[in-house]
Amino acid sequence: MSHLGNIVCRISSLKHLTQLHANLVYNSLHHHNYWVALLLKHCTRIGAPLAYARLIFNSVLCPNGHVFTSMLKYYAHLGAHDEVVSLFRQMQCRGVRPGTFVYPLLIRLAGNAGILFHAHVIKLGHGLDRYARNGIMDMYAKCGPVEVARELFDEMHERTLADWNSMISGYWKWGNEVEARILFDMMPERNVITWTAMVTGYAKMGALKSATRYFNEMPEKSVVSWNAMLSGYAQSGFAEEALRLFDDMMNTGVQPNETTWVIVISSLSLHGDPCLADSIVRKIDQKKIHLNCFVKTALVDMHAKCGSLETARKFFDELGVFRNSVTWNAMISAYARVGDLTSARELFDKMPEKNVVSWNSMIAGYAQNGQSAMAIELFKDMTTTEDSKPDEVTMVSVLSACGHLGALKLGNWAVNILSENHINLSISGYNSMIFMYSRCGSVEDAKRIFQEMVTRDVVSYNILIAGFATHGHGKEAIELISKMKEEGIEPDRVTYIGVLTACSHAGLLEEGWKVFKSIQVPAVDHYACMVDLLGRLGELEEAKKLIESMPMKAHAGVYGSLLNASRIHKRVELGELAANNLFELEPYNSGNYILLSNIYASAGRWEDIDRVRATMRTVGVKKTIGWSWVEDKGKMHKFIVGDRSHEQSEGIYRILSELGRKMRRDGYTADKSCVLRDVEDEEKEEMVGTHSEKLAICFALLVSEAGAIIRVVKNLRVCWDCHTAIKMISKLEQREIIVRDNNRFHRFSNGLCSCKDYW
DNA sequence: GTAGGGTTAG
């Protein structure tokens, strides 16, 4: 027995626990209530896996109150509410009556199931026990309705300190700062828990000044108080302040506990400095601190964010059965962040119990790495599973993916899901809706959502301004600057990029200059926008002068604008100048070679085009593939040049040749200056050619209802030849065709296009 | 045996 006692004292891992268990089995003690209860207690403490705890529990024949209680605690600790309820019922069936202390425990840990227990407690006549009474009140304070908790509180003849504290933390939980403070001020006496609750409350709402005031005023501080203050800084993103406070804490002589380490490590993840991360790892090693799964998970995240993925993975693998869902999620999002979607998906599929965050991480991973269609696909899987319901974060990714695709029907479907699931939106939720609508070509809806918002931030404005810019609404974009200033929101770098782009697309030269001059310290991007604006309108000398006057080095965007302007105005020498700079700055961007070739083509300098082609071959740069896509019945259909892989290809090409005949009849000839075309064997094709946007439009003509608006998205610029062709199609077919290319909308109807910036 | 602090996703 004393041998067993020694083992029990040393239990700090699953290995020790299994040793003890094996020992008990050897001594035939594993049926005994005493030992089973003890084993289960340790299971809870070290977070042993569910299957193992169940094995231990099931080995006892007649569990007594202690065993049941230990198992209940284990389930409650896991947050397995259903198991708690069913085990409690089992306990009643077996006629095991637990001591009164079980009730507050269950009520506290069982969350919403607590109401069930409330009834039981009353029935069993424990209603007046002060622990049970506090437990019930605390349950209502935490799970709501908090008013019921207040009723119980008011009914009490004498209140303990714990009752006051429960009530205060209840109010904080529901964001009621006023009531929390009133109670705090009314209290006859306070303890460290009361003070800490106030610090936590203010820290969680981001009111760090108030939090600090209470923290400094409190008569005594515990580790928990320090942790509350630390996490306040960490949660608000003030990593450096948190680390400074941690130093203060160490100097005061307070021993950090595991929670402290979790907070400190997560602050370091925020900070992202590998050196600091290393130093904390060394400190932990030196102090031989016991690392629980929370600390290890924090370490996984920290290494992923500022060390290396390999180290993170090593910690992840080492955790083995101690991994919880957060550990998995941290690792999944680590892979997703760096774009390693294969590894992320592998873990995601392997993960035993996924929660919302798992889904969100994976969906966001796809959405942020240009895999919008996959993001939506995965979201559809999510809606068919029982385990997790989408939340705001999910929908932000989904809406953003719909926006990138330009899938309006899918976007509307996502908006419906928002209301069906009663998902409340914060500013970023509304922002993603504005983004979706404006990228899907529906500026009116984007504007409507923007106006509906009660509070907006700089991002809301920037998204709407960018939306106006892509639609060529220059004046409206400019107006938003003064509107945001009236609202007390300062325009930032991105705001001005949007407004200047809008001026450029709308041809507003004077207004653009005025905006540019109002920027206090213009960045390179602002110069690039200005060069674009001047260049498009033919002020090429002025544009060149502006580049020469720049206080900083010009980047590719600046020369890109100049090159594009040279193409528009057929200025060979200026184009060569811009192109040569670009070939140095970004030798692998094929677009620059194409633009230069087009300039040569317009001047009839065909041998120079061959030279550009040769350079491309030497450098090894391949022409970027252009693709277009169209939404039909919630599905995206994607086309590349000369695509014949679509199942309705036959119909598409039939429409294409019919259109070709009609257009030739009306005097259409393919533009020869459109050299280095997508298709190599151009002669073989029917007149309209096979550019992807034309195929996409023909597909839409084939499947959509007569008169419906056709929406096509293209990843590159719509070429001049296509632009002409689509104008003719819109007139011939009497259809409105909206094409979004990489930065603007073209709205074709009755032979005209809305864009004012296309030459 | 009551009340306060922790890791992941946009």
Exercise. How close do A/Trp226 and A/Leu245 get, heavy atom to heavy atom, and via which atoms?
Worked result: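 Heavy atoms of A/Trp226 and A/Leu245 come nearest at CZ3-O, 3.9 Å.
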Problem set entry | Nearest heavy atoms of A/Ser397 and A/Ile363, plus distance in Å |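 Closest approach of A/Ser397 to A/Ile363, heavy atoms only: CB-CG2, 3.8 Å.
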If only side-chain N and O atoms of [X] are considered, is one of them under 4.0 Å from the OP1 or OP2 phosphate oxygen of [N]?
{"X": "A/Ser225", "N": "B/dG4", "answer": "no"}
{"X": "A/Gln235", "N": "B/dT8", "answer": "no"}
{"X": "A/Arg337", "N": "B/dA9", "answer": "yes"}
{"X": "A/Lys204", "N": "B/dG6", "answer": "yes"}
{"X": "A/Lys305", "N": "B/dT7", "answer": "no"}
{"X": "A/Ser169", "N": "B/dG4", "answer": "yes"}
{"X": "A/Lys142", "N": "B/dG4", "answer": "yes"}

Please work out if [X] contacts a base, only the sugar-phosphate, or nothing of the nucleic acid, heavy-atom cut-off 4.0 Å.
{"X": "A/Val192", "result": "base"}
{"X": "A/Asn355", "result": "nothing"}
{"X": "A/Asn292", "result": "base"}
{"X": "A/Glu392", "result": "base"}
{"X": "A/Ser333", "result": "sugar-phosphate"}
{"X": "A/Lys173", "result": "nothing"}
{"X": "A/Ala162", "result": "base"}
{"X": "A/Asp391", "result": "base"}
{"X": "A/Ser222", "result": "base"}

Exercise. Just one of A/Asp285, A/Leu243, A/Val264 clears the side chain to side chain contact (heavy atoms under 4.5 Å, CB included) bar with A/Ile280, so which one?
Worked result: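 Among A/Asp285, A/Leu243, A/Val264, the one that satisfies the side chain to side chain contact (heavy atoms under 4.5 Å, CB included) with A/Ile280 is A/Val264.
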Which one, [options], comes nearest to the side chain of [X]?
{"X": "A/Ser397", "options": "B/dG5, B/dA9, B/dG10", "value": "B/dG10"}
{"X": "A/Ala228", "options": "B/dG5, B/dT8, B/dG4", "value": "B/dG5"}
{"X": "A/Ser426", "options": "B/dT7, B/dG6, B/dG10", "value": "B/dG10"}
{"X": "A/Ala197", "options": "B/dG5, B/dG4, B/dT8", "value": "B/dG4"}
{"X": "A/Phe294", "options": "B/dG6, B/dT8, B/dG4", "value": "B/dG6"}
{"X": "A/Thr196", "options": "B/dG10, B/dG4, B/dG6", "value": "B/dG4"}
{"X": "A/Ala364", "options": "B/dG10, B/dG6, B/dT2", "value": "B/dG10"}

Give the rounded distance in Å between these two atoms: [atom1] of [X] and [atom2] of [N].
{"X": "A/Asn227", "N": "B/dG6", "atom1": "CG", "atom2": "C1'", "answer": "8 Å"}
{"X": "A/Phe246", "N": "B/dG6", "atom1": "CZ", "atom2": "C1'", "answer": "14 Å"}
{"X": "A/Trp195", "N": "B/dG5", "atom1": "CH2", "atom2": "C1'", "answer": "18 Å"}
{"X": "A/Trp359", "N": "B/dA9", "atom1": "CH2", "atom2": "P", "answer": "18 Å"}
{"X": "A/Leu291", "N": "B/dG6", "atom1": "CG", "atom2": "C1'", "answer": "14 Å"}
{"X": "A/Met167", "N": "B/dT2", "atom1": "CE", "atom2": "C1'", "answer": "15 Å"}
{"X": "A/His303", "N": "B/dT8", "atom1": "NE2", "atom2": "C1'", "answer": "17 Å"}
{"X": "A/Ile263", "N": "B/dG4", "atom1": "CD1", "atom2": "P", "answer": "15 Å"}

Exercise. Crowded around A/Lys283 NZ? As in, over 12 foreign heavy atoms under 6.0 Å?
Worked result: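 At most 12 heavy atoms, drawn from other residues, nucleotides or ligands, come within 6.0 Å of this atom.
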Exercise. Between the main-chain N or O of A/Ser70 and the side-chain N or O of A/Tyr75, is there a donor-acceptor pair closer than 3.5 Å?
Worked result: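 No; zero donor-acceptor contacts below 3.5 Å.
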For this session: Could you list all the side chain to side chain donor-acceptor pair (under 3.5 Å) pairs where at least one residue sits in residues 293-313 of chain A, not counting sequence neighbours?
Result: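 Residue pairs passing side chain to side chain donor-acceptor pair (under 3.5 Å), neighbours aside: A/Thr297-A/Thr327, A/Asp301-A/Lys305, A/Ser308-A/Thr311, A/Arg313-A/Asp317, A/Arg313-A/Tyr335.
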Exercise. For A/Tyr34, which residues count as a side-chain contact (heavy atoms from CB on, under 4.5 Å) partner, sequence neighbours excluded?
Worked result: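 Partners of A/Tyr34 by the side-chain contact (heavy atoms from CB on, under 4.5 Å) criterion, ordered by chain and then number, come out as A/Leu38.
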